[in-house]
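Notes for the one structure printed next.
Naming: A, B, ... by sequence-line order, numbering from 1 per chain.
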There are 2 protein chains.
Amino acid sequence: MSAKEKLLYAASRLFEEKGYSGTTTAAVAAMAGVAEVTLFRHFKNKETLFRETVKQIQGSVILEISDREGDPDLRDGLCHFAKTLCRYFMEQNRTIRMMLFESIRNPELKDLLKEGPMRSVTRLEFFFSYHISQGRLPSVDPRIYADSLISLVFGYTIGLVSLKEKQDINSELEYLEDIITTAFLPELKH
Amino acid sequence: MSAKEKLLYAASRLFEEKGYSGTTTAAVAAMAGVAEVTLFRHFKNKETLFRETVKQIQGSVILEISDREGDPDLRDGLCHFAKTLCRYFMEQNRTIRMMLFESIRNPELKDLLKEGPMRSVTRLEFFFSYHISQGRLPSVDPRIYADSLISLVFGYTIGLVSLKEKQDINSELEYLEDIITTAFLPELKH
DNA sequence: TATGTAAGTAAGTAGTTACTAACATATCGG
DNA sequence: CCGATATGTTAGTAACTACTTACTTACATA
């Protein structure tokens, strides 16, 4: 692993935990096991390091949720989608929370934040428009369904990790399934 | 206004915008218009100032959402609740995002975060159990309904303010109403 | 053998940061 | 009016912070 890679890896862990101003260049270099001056040879300044770090964090996001797009069972597809998204938000929750905060002062981070969730909105829209075309849902703008499911899962997961002491992932996923079949599109239940 | 009050007010604005490590005691004192040493006479250290600030921020939260608890119209009550909550999350979004981030390193902040949203969960539970008792909803645990509505509104609002460039509050509230009547409990629609 | 490249070491700069000490002044209740 | 309490002023400290400079080492390639 090159020095630059080591620095980016260390930086991602530190920025994620301590945010921009809580992270020092000395700490990043130390965690990467390289000299601090090497950091400044690869990155013009701390700000540049932060930006490049954020880019590669978000670049590593792979959402493997598309494999149910043509699922014949709407309810199953929905639950699968929700659970996958929930797991993703859980894994990335610290990065997300950090970026949610840093984007207050650095609005261009919004674009990077969008890349993750927004891509899933498009995916979900396809999913819903397919099921609408099959007559399984009333023919309204599929974006409404997509937005609401993503909002629901996002809110549920971030609330979960931010408020609860300890989480048992499996029981949380089960509860999420309950929520979806009971309150979200309950007409699906039977 | 006493020096202490001025300090707490300035601190709340700065911590909310820049977080803990982005805020300096000098800046707080300057914004409050008092000498920095006065800050340390009222608060043992920066950490204490932060904690007391956070306490009073959350202490000022008044949720006036209870006035529809016995509403005969489930759909109207729900929309009213959701909109009120949405407005609250919008107003408080920077504080919420800051605390969501700071609670990564300072887990005791979770308790303070809970006070706001959690109180509304209880309120909502009453609302739903009333309508369940009236036979307007299937008799499941009302907490499921409460959790999902709060998750939905929370996720929607935080997503909104964090991703969108400019928000027109009224059209966002309308869209939220669409979401609720279309995707959340759609059986209410008629 | 010569040269370029990536990394290290060591030292330092200029500014910031949380926090303290000592002393002076203002304000206010009794 | 007195005395206590609150606040200001000034100065300082020790550590930290982002970033720079000058020079060195190791290795690969021409």
Side-chain angles (χ1 to χ4, degrees), chain A residues 1-57 98-99 101-109 112, chain B residues 1-57 94-95 98-99 101-109 112:
Chain A
M1 200 155 47
S2 74
K4 186 164 183 174
E5 285 171 319
K6 281 191 264 182
L7 282 164
L8 281 170
Y9 177 69
S12 71
R13 289 185 44 187
L14 285 172
F15 280 132
E16 163 191 309
E17 190 184 325
K18 298 164 191 282
Y20 181 77
S21 56
T23 299
T24 69
T25 53
V28 173
M31 181 179 257
V34 305
E36 195 180 353
V37 72
T38 304
L39 186 157
F40 287 101
R41 279 197 274 245
H42 285 287
F43 307 94
K44 191 187 155 209
N45 50 32
K46 187 183 169 184
E47 187 65 36
T48 307
L49 171 66
F50 179 69
R51 270 198 260 270
E52 291 200 29
T53 303
V54 163
K55 267 182 208 161
Q56 70 125 43
I57 289 175
M98 181 270 283
M99 301 238 325
F101 167 66
E102 296 292 349
S103 65
I104 293 176
R105 288 183 56 224
N106 200 347
E108 57 194 284
L109 288 182
L112 287 157
Chain B
M1 200 154 50
S2 75
K4 186 164 184 175
E5 283 170 321
K6 283 191 262 181
L7 283 164
L8 282 170
Y9 176 69
S12 71
R13 290 187 43 189
L14 286 171
F15 280 133
E16 163 192 309
E17 191 184 325
K18 299 162 189 283
Y20 180 79
S21 55
T23 298
T24 69
T25 52
V28 173
M31 179 178 262
V34 304
E36 194 180 355
V37 71
T38 304
L39 187 158
F40 287 102
R41 280 196 273 244
H42 284 288
F43 307 95
K44 194 186 153 208
N45 51 31
K46 186 183 170 183
E47 186 64 36
T48 307
L49 171 67
F50 180 69
R51 268 199 262 271
E52 291 200 28
T53 303
V54 163
K55 267 184 208 162
Q56 70 126 42
I57 289 175
R94 291 180 3 157
T95 309
M98 181 271 284
M99 301 239 325
F101 167 66
E102 295 293 349
S103 65
I104 293 175
R105 289 183 54 225
N106 199 347
E108 56 193 284
L109 288 183
L112 286 157

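- In this model, no donor atom of one side chain and acceptor atom of the other lie less than 3.5 Å apart for A/S12 and A/T53.
- At least one donor-acceptor pair closer than 3.5 Å links the side chain of B/S103 to the backbone N or O of B/M99.
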Where do N or O atoms of nucleotides 4-7 of chain C meet protein N or O atoms at under 3.5 Å, pair by pair?
unit_1: C/dA7; atom_1: OP1; unit_2: A/A3; atom_2: N; d: 3.3
unit_1: C/dA7; atom_1: OP2; unit_2: A/H42; atom_2: NE2; d: 2.6

Pull out every protein N or O sitting under 3.5 Å from an N or O of nucleotides 15-19 of chain D, one pair per line with the distance.
unit_1: D/dA18; atom_1: OP1; unit_2: A/T23; atom_2: O; d: 3.4
unit_1: D/dA18; atom_1: OP1; unit_2: A/K46; atom_2: NZ; d: 2.9
unit_1: D/dA18; atom_1: OP2; unit_2: A/T25; atom_2: N; d: 3.0
unit_1: D/dA18; atom_1: OP2; unit_2: A/T25; atom_2: OG1; d: 3.1
unit_1: D/dC19; atom_1: OP2; unit_2: A/K46; atom_2: N; d: 2.8

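- Contacts of B/N45 classified as side-chain hydrogen bond (donor to acceptor under 3.5 Å, both in side chains), with partners at least two apart in sequence or in another chain: B/T48.
- Without hydrogens or angle criteria, B/E5 side chain to B/S2 main chain gives a donor-acceptor distance under 3.5 Å.
- Cation-pi geometry between B/K18 and A/F101 is not met: the NZ or CZ atom fails to fall both under 6.0 Å from the ring centre and inside 45° of the normal.
- For the pair B/K4 and B/F43, the cation sits on the ring face: its NZ or CZ lies under 6.0 Å from the ring centre, inside 45° of the axis.
- When the shell of 6.0 Å around OH of A/Y9 is examined, it contains 12 or fewer heavy atoms from other residues, nucleotides or ligands.
- Between the A/E102 side chain and the A/Y20 main chain, a donor and an acceptor come within less than 3.5 Å of each other.
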I'd like a table of atom pairs between the protein and nucleotides 25-30 of chain C - only N or O on both sides, under 3.5 Å - with the distance next to each one.
none

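- Dense packing is recorded around CZ of B/R51, with more than 12 heavy atoms of other residues, nucleotides or ligands lying under 6.0 Å away.
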Give every pair of a protein N or O atom and an N or O atom of nucleotides 25-28 of chain D that lie under 3.5 Å apart, one pair per line with the distance.
none

Intermediate values then yes/no, side-chain contact (heavy atoms from CB on, under 4.5 Å), B/E108 and B/N106: CA-CA 6 Å; B/E108 56 193 284; B/N106 199 347; 3.1 Å; yes
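- Using a 4.0 Å cut-off between a side-chain N of Lys or Arg and a carboxylate O of Asp or Glu, B/R94 and B/E17 qualify as a salt bridge.
- Residues in residues 23-35 of chain B take part in these side chain to side chain donor-acceptor pair (under 3.5 Å) pairs, two or more places apart or across chains: B/T25-B/E36.
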